[in-house]
Amino acid sequence: MTEIAHYVGAMGAMIFEVGTPDDKPHLLASHFSDTYDADLVRGYLLLHKDLEIANQAIFARHSKATDEIQLIPDSVLAATEAELLARPNQKTMMQYGIRYRCGALLNKDQLFHDRFSMQFGADAANDLPMRLAKASRLLPHIAKALSIGRPIQAMQRRHGTIVEALDKLDVGFCVLDDRMNVIMGNEEFRRQTEEAGVFRKDPRGRLSFRQDSDLGRARALMTGVEGHGRFGARPRKEALEVDHSGGPAATGALCIDISPLHKNRELGEGPVAGYLLMSTDTSRRYRLELPTIASLFDLSNAECAVLELMAEGKTNKQIAQERGRSLDTVNAQVKSILLKSNCANRTQAIRMVTNISSGFLVRD
């Protein structure tokens, strides 16, 4: 956050969460610039909780219309500048030199997580749009890193370590160097390597894909910043969707995403320059956090039941048989689920809902 703020000439930046539908409203700043004092940040959010939650709802309403990450200036928060400056939270910020700020959703699949805010001094009055445009080029990469890292964070909260507990994850993780050599992989990654037929380790220890086209798409995610960002606020849309060897395309697929990994001293003697690969096998069974998912996407009880069976890797025909419904009815329900969740196919949908339910991706 400190480096991003410095890059665009901001006073600071932060990532935070707001309360989920079942919680009492709250704000939690998970990451912020080291120019900010942690106690002051917590005190500000506590003092101005109601105003800030209302402001974040306005930022989110303006931000969530598209797939791209849009930084919304604080001019949307009030009808006039005088009204904005008269508010208690704005007066508190101005005591510390903050005159302008902006907000954005880094993940539009999870509207209560990964909110972004950046703050500016009075010196930004003449070129604020240019600074926001400059920041917007970086945010898709932060969004993707947060999305891929959420299962690891859930596992770390439960077990306290990372490397030793990776095998407890129900999603595949693999660390690659810049030549695609496999440095390490968890148990689920090794299972996928042996059973899915999508990728393998060649005799030299490099990751190899069954299809050249899949390898090409993987390399496109490893070329640099230009390989990411088109769907910055919905990273799942950039992931590779690769069918199992001989498996039905409707259910047997891996959803593979790759993110740069520059420094992780926990994985060896020194920092690693390479990539983190995350692979979700959408044919496997996953437990879902259905109340949150239903609330986020306004799913009916019937759609929730269908989605749960989709997350068990079942085809539409199998779902129809289990629920005692016609195949046409189930096809219509699946289509409705995809439309409401802004997913192009069931592979994207399962990747999305498992990421929302990341706490359930850790085996006890």
Side-chain angles (χ1 to χ4, degrees), residues 1-65 69-108 110-139 142-143 146 153 233:
M1 293 297 99
T2 303
E3 293 179 5
I4 293 171
H6 179 73
Y7 174 70
V8 301
M11 292 188 64
M14 64 178 63
I15 296 170
F16 55 94
E17 300 176 2
V18 299
T20 59
D22 297 326
D23 292 335
K24 294 180 180 179
H26 69 276
L27 294 173
L28 174 64
S30 56
H31 305 79
F32 48 85
S33 306
D34 62 14
T35 51
Y36 291 153
D37 179 89
D39 290 335
L40 285 177
V41 171
R42 286 191 290 267
Y44 172 86
L45 294 178
L46 182 63
L47 178 64
H48 299 295
K49 180 185 70 173
D50 293 339
L51 275 173
E52 281 299 318
I53 288 174
N55 287 344
Q56 291 307 316
I58 296 173
F59 279 133
R61 187 170 69 247
H62 285 79
S63 177
K64 68 181 182 180
I69 296 174
Q70 296 174 303
L71 283 167
I72 309 299
D74 59 6
S75 57
V76 303
L77 298 178
T80 66
E81 182 179 19
E83 179 186 338
L84 178 66
L85 296 181
R87 293 181 174 177
N89 59 335
Q90 184 69 31
K91 290 181 177 180
T92 299
M93 285 188 288
M94 292 182 69
Q95 292 177 9
Y96 297 97
I98 297 172
R99 170 58 186 86
Y100 302 100
R101 59 176 173 155
C102 60
L105 296 171
L106 295 185
N107 192 324
K108 298 180 184 181
Q110 301 187 67
L111 300 181
F112 302 98
H113 293 285
D114 302 344
R115 302 292 187 96
F116 180 82
S117 179
M118 183 171 281
Q119 303 79 36
F120 297 87
D123 63 309
N126 296 325
D127 61 352
L128 184 59
M130 182 188 72
R131 299 192 194 195
L132 298 188
K134 193 174 182 181
S136 294
R137 294 195 290 269
L138 301 178
L139 296 186
I142 298 172
L146 290 167
Q153 291 172 344

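Fair warning: this is a prediction, and the values are worked out from it, not measured in the lab.
When every heavy atom of Q70 is checked against every heavy atom of H62, the shortest pair comes out as OE1-O, 3.8 Å. Residue M11 comes nearest to Y96 through the heavy atom pair CE-O, 3.3 Å, listed as atom of the first residue, atom of the second, then distance. Of all heavy-atom pairs between Q119 and A10, the closest is O-CB, 3.3 Å. Contact record, I69 with A104: CG2-CB, 4.1 Å, taken as the closest heavy-atom pair. Nearest heavy-atom pair, A125 versus Y100, reported as atom, atom and distance to 0.1 Å: CB-OH, 3.4 Å. Minimum heavy-atom separation, A86 to K91: O-CE, 3.4 Å.
Judged by distance alone, with hydrogens and angles left aside, the side-chain atoms of S136 form a donor-acceptor pair with the main-chain N or O of L132 at under 3.5 Å. Using modelled atom types, one side-chain atom of R131 and one backbone atom of G9 make a donor-acceptor pair closer than 3.5 Å. When atom types are taken as modelled, the side chain of T2 and the backbone of D34 share a donor-acceptor pair closer than 3.5 angstrom. Within the 3.5 Å criterion, the main-chain N or O of Y7 finds a donor-acceptor partner in the side chain of K134. Counting only distance, with no hydrogens or angles, the side chain of D37 and the backbone of L40 share a donor-acceptor pair below 3.5 Å. Remark: the backbone N or O of Q56 is paired with a side-chain donor or acceptor of R115 at under 3.5 angstrom. Between the side chain of S33 and the main chain of A13, a donor-acceptor pair closer than 3.5 Å is present.
Counting heavy atoms from C-beta on, the side chains of H31 and F16 never come closer than 4.5 Å.
Under a cut-off of 6.0 angstrom, the local environment of CD in Q95 is crowded, with over 12 non-hydrogen atoms contributed by other residues, nucleotides or ligands.
Remark: N107 CG to E17 CD distance equals 11.0 Å, nearest 0.5 Å. L128 CG to M118 CE: the interatomic distance, rounded to the nearest 0.5 Å, is 10.5 Å. Note that OG of S117 and CG of L71 are 9.5 Å apart. Values are rounded to the nearest 0.5 Å. Here the CZ-CZ distance, from F116 to F59, works out to 11.5 Å after rounding to the nearest 0.5 Å. The OG atom of S30 sits 7.0 Å away from the CG atom of L146 when rounded to the nearest 0.5 Å. Between atom CE of residue M14 and atom CG of residue L45 there is a gap of 6.5 Å, rounded to the nearest 0.5 Å.
Checked for salt-bridge contact, D74 and R87 miss the test: no charged N lies under 4.0 Å from a carboxylate O.
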Query raised in the report: Yes or no on side chain to side chain contact (heavy atoms under 4.5 Å, CB included) for R137 and V8, after CA distance, side-chain angles and deciding distance?
Result: CA-CA 11 Å; R137 294 195 290 269; V8 301; over 6 Å; no
Report task. Determine, step by step, whether K108 and D114 satisfy the salt bridge (charged side-chain N to carboxylate O under 4.0 Å, His left out) criterion, reporting the C-alpha distance in whole Å, the side-chain angles of both residues, the deciding distance to 0.1 Å, and the verdict. Result -> CA-CA 9 Å; K108 298 180 184 181; D114 302 344; over 6 Å; no
Query raised in the report: Going through the distances and angles, do I142 and M1 end up as a side chain to side chain contact (heavy atoms under 4.5 Å, CB included)?
Result: CA-CA 10 Å; I142 298 172; M1 293 297 99; 4.1 Å; yes
**Report entry** Verdict with supporting geometry, I72 and C102, side chain to side chain contact (heavy atoms under 4.5 Å, CB included)
**Finding:** CA-CA 5 Å; I72 309 299; C102 60; 5.8 Å; no
Query raised in the report: Can you list the steps and then say if I15 with H113 is a side chain to side chain contact (heavy atoms under 4.5 Å, CB included)?
Result: CA-CA 9 Å; I15 296 170; H113 293 285; over 6 Å; no
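The closest side-chain donor-acceptor pair between T92 and Q90, if any, does not fall under 3.5 angstrom.
For the side-chain hydrogen bond (donor to acceptor under 3.5 Å, both in side chains) with N89, the qualifying choice from H48, E52, K49 is E52, the only one to do so.
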